[in-house]
Amino acid sequence: MFAALMKFMRDNNVLPRISDTERQALEAGTVWIDGQIFSGNPDFKSMLKEPYSKPSDEEQAFIDGPTETLCRMIDHYDVISSRQVPENIIQYIKDQGFMGMLIPKEYGGKGFSTLAISTIMAKVNSYNPAVGTFVVIPNSLGAAELLNHYGTDEQKRAYLPKLASGEYVPCFGLTEPTAGSDAASIRAEGVVYKDASGEVKIRLNFRKRYITLAPVSNLISLAFQMHDPDNLLGKGEYPGITVVMLHKGTKGLENGDHHMPIGLSFYNGPIIGKDVEVSVDQIIGGPDYAGQGWRMLMEQLAGGRAVSLPAGAIGGMKLTAAATGAYSVIRHQFGIPIGLMEGVQEKVARIAAFTYLFEGARVYSCSALDAGEQPPVVSALLKYASTEYGQKVLIDGMDVFSGAGVMQGPNNILGGGYASAPVSITVEGANIMTRTLITFGQGATRCHPYALPMVKAVEENDATAFRKKLLGWLMHTGTNFVRSKIRGISRGFSAGSPESGAVATYYRRLAWASSRYALLADLALYLVGSKLKARGNLGGRFADALTWQVLAFSALRRFKAEGSKKEDLPLLQYSCEYALARIQEAFEGIHANFDVPVVGWWLKGPSALFLRLNPLSRGPSDKLIAPAAATVQKFDEQFRRLTSDTAPIDDDQPGMGRLMKAFRLHNDVQPLLGRIRDAQKSRELPRGLEFEVVDEAVQRKVLTPREAVRVKEAEEAALAAIEVDVFTPENYFQTPVAAKE
């Protein structure tokens, strides 16, 4: 019976078919907490024991020292206006070892942890992404990382020290006009042949685009499809994708032209090669690694997606939280700080909560990478979620800044990041594809306890393994059906919680969400099966539900790791209520669009009604808004902690420097302003803004003359901070930049 069923499933494509490239992607990396969610019964106690690390003393010294020095060297507006990073800054990056942070010390690198590298990337990017690319690209997917893992000993000795010192400025040539998110379909071709002297070489022809640092790079890691018509390397006529290193100046190689990325422009451009001849020894890993490029890329992207782009997005969130919290306090309208108006308060609260949530996910995931995990599904969802919500945070911040956000110039803090946000959404796998195709498409097979073993059993025609896995899977589904109903009726109380107090409800509701998620995932695999790849909208909703479970738990892990600080509770509560509401929304979307006979009717009808009447959450209540916003509206230890590792700015600097000075001075005079307000309530002083009655407050001895000076200084600093830039006609009009055809 089982053999016949196995044959039926194979012949009728009941289970997803896995191509060679998909198999390499699925087998790359590890299953982490995502597997707990797919189980339907996550072990929160063991998940809370997962590391939540801090940089080492050496790493923190680098973050507080050379990284801050680098940020202080940057004239942000000059870099924006000129679209050039000054040579002295590039040289400082090289001299201080920023380009070799992931390279082992034995090769002249820093050998830093993933968490430290991510923190440094976030800090530099929060100030200037164009400068940040000289830190990010050498320490993300590219020559150093690939050589470190796959290079021959000779290649490591020859290249890694020069990459660490910055003698080599690398870039990675992957994307092409016809191969973006579908990187496996690249057309760049390398033909293997013997030259006149009998040496085996590769002749390359390619056209790459969107390559960051390409215009200034002198070492290119290039991905191409290898064609070996005479099987000179012994790997067949078409070994597959291969990665080779090219040096600037190689005959037939062109790099140096620029694209012009939107917003905060950075060095990015095309790479073109016509009949470029290289030795097979320039293949990363040597000739033995011909055709292994896709596996290499998938193995490194398995964790790599959780590092550079989330770091940039979350660094931007921190900057936005700091700036928006400060601006909402010093900017007055209608006689009060705008941050006390509920509409503005809601934006500030959301910014603060998202920043808390995603910073927790960044640290938690990077800690896992440093502990040896390489979770491709969590990396993918963190990349797409952090960049999407980084953009949402900037939009909210721009709303709060209003006119000051849209007037460009040195004083504009958020405008450049707002304009640039689409860049991070499109790279390393466009978010549309990452959400609708990769996260659940890969997760459903990779993280499910039975799906991949079942597929393998069917492919290998192993009836014994098939029977064992099928029975186990059916038991898994039945258990989660019962579990999800009991947890639904009890609103998660039957699941228990590893923590007591205000946070217990979130563990219980996440356990409830996991059991429902596991059941729905099983139904999708059973009834939609091989068509899941084409059902992108359905897969996207499953991806959303998984993403917000991971993010909510990351916030809980952060809260626990940081000592369960009472003052952070509003941020945790806002984050978890928001995440649970998004999970609820995803579940309702799955139910409404599960178009299969019988089960689809049940999900759309009785089950959907119960789902709506008994939701996981309806989102953060209005009662959470004011306390969540207040976490970034006072210049205190909590504010500094929540916005830590953003670039330091001197008081006299335009934009953020002046704003932070005004915020600090405003915070310092709050007790004095409180005395004025008390005097106004008792009618000792007339009504109006506190700053408007300072002189009369001195006359009536509410303030001393020295205290009045402090209040006036705070007001003057606030007025300077809310100013926008004005340009003369000569400075305003510029010659348009010519574009090449």
Is the shortest side-chain heavy-atom distance between Lys392 and Asp396 below 4.5 Å? no
Heavy-atom side-chain contact between Asp370 and Pro51 under 4.5 Å: no
Tyr364 vs Trp32 aromatic rings, parallel, tilted or perpendicular, using cut-offs 30° and 60°? tilted
Between Arg541 and Phe587, is NZ or CZ placed under 6.0 angstrom from the six-membered ring centre and within 45° of the ring axis? no
On the 0 to 90° scale, with breaks at 30° and 60°, tag the His332-His666 ring pair as parallel, tilted or perpendicular. tilted
Pair Glu50-Ser367, side-chain donor/acceptor within less than 3.5 Å: no
Determine whether Phe663 and Tyr327 make a side-chain contact, defined as any pair of heavy atoms from C-beta on separated by less than 4.5 Å. no
How would you list, by chain and number, every residue that makes a side-chain hydrogen bond (donor to acceptor under 3.5 Å, both in side chains) with Tyr52, sequence neighbours excluded? none
Any donor and acceptor pair, going by atom type alone, linking the side chain of Ser379 with main-chain N or O of Pro376 inside 3.5 Å? no
If only side-chain N and O atoms count, and only distance matters, is there a donor-acceptor pair under 3.5 Å linking Ser494 with Arg483? no
Say whether, by atom type as modelled, one donor and one acceptor occur between the side chain of Arg305 and the main chain of Ala380 under 3.5 angstrom. no
Residues in side chain to side chain contact (heavy atoms under 4.5 Å, CB included) contact with Ala430, at least two apart in sequence or another chain: Ser181
If only atom types and distance count, is the side chain of Thr426 paired as donor or acceptor with the main-chain N or O of Val423 below 3.5 Å? yes
